[in-house]
Amino acid sequence: QVQLVESGGGLVQAGDSLRLSCAASGRTFSSYVMGWFRQAPGKEREFVSAISRSGGSTRYADSVKGRFTISRDNAENTVYLQMNSLKAEDTAVYYCAASGRLRVVVTTTEEYYDYWGQGTQVTVSS
């Protein structure tokens with residue numbers, strides 16, 4: 001089992017940047033595919049980005065491609081989401097998630113993620 005704790009959210013203006021962090025504890029961090037999801041008020045949770053165990057493969061939602069960058073530091077048991085050129089529509093609670101399924105290399109599918117953090121609020125004012 002793995003425990004996930006997100007940090008780095010806050011209130012920023014449109015065009016600003018934020019870096020979210022997700023610290024993991026428990027079993028070997030490098031054995032998990034990691035993902036970021038978000039949920040805006042009144043909307044369903046949606047995929048944002050994912051990264052493979054080694055960090056060599058990544059995925060992004062079209063809405064964030066070119067603005068967000070996911071990375072991981074397996075030595076520090078942490079996954080990051082660098083968010084640049086933030087827009088008001090990026091306002092949401094951002095969740096970190098981990099998939100321990102062996103056949104998953106990197107996935108955008110929420111159902112494949114077994115562990116979730118508590119979320120961190122990102123608010124972008126226009």
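- A side-chain N or O of Asn84 and one of Ser17 form a donor-acceptor pair less than 3.5 Å apart.
- Side-chain atoms of Thr123 and Gln121 form a donor-acceptor pair, as typed in the model, at a separation below 3.5 Å.
- The aromatic rings of Phe37 and Tyr113 sit perpendicular, their planes meeting at an angle over 60°, well past the 30° parallel limit.
- Looking at Asp62 and Lys65, a side-chain N of the basic residue comes within less than 4.0 Å of a carboxylate O on the acidic one, giving a salt bridge.
- The hydrophobic clustering, which links ILVMFWY residues whose side-chain heavy atoms are closer than 4.5 Å, places Tyr80 and Ile51 apart.
- Cation-pi geometry between Arg101 and Tyr112 is not met at under 6.0 angstrom from the ring centre and within 45 degrees of the axis.
- The cationic atom of Arg53 (NZ for Lys, CZ for Arg) does not lie both less than 6.0 Å from the six-membered ring centre of Tyr32 and within 45° of the ring axis.
- Side-chain contact check for Gln3 versus Gln1: some heavy-atom pair is nearer than 4.5 Å.
- Val48 has its side chain within reach of Leu81: a pair of non-hydrogen atoms, C-beta onward, lies under 4.5 Å apart.
- Annotation: side chain of Tyr95 is in contact with side chain of Glu6 (closest heavy-atom distance under 4.5 Å).
- If you chain together hydrophobic residues whose side chains sit under 4.5 Å apart, Val124 and Met83 fall into the same group.
- Side-chain contact annotation: Gln13 with Ser125, donor-acceptor N/O pair under 3.5 Å absent.
- How far CD of Glu46 is from OG1 of Thr108: 12.0 Å, rounded to the nearest 0.5 Å.
- Here the options are Leu86, Asp90, Thr120, the test is side-chain contact (heavy atoms from CB on, under 4.5 Å), and the partner is Leu18; only Leu86 passes.
- A side-chain donor-acceptor contact under 3.5 Å links Arg59 and Ser57.
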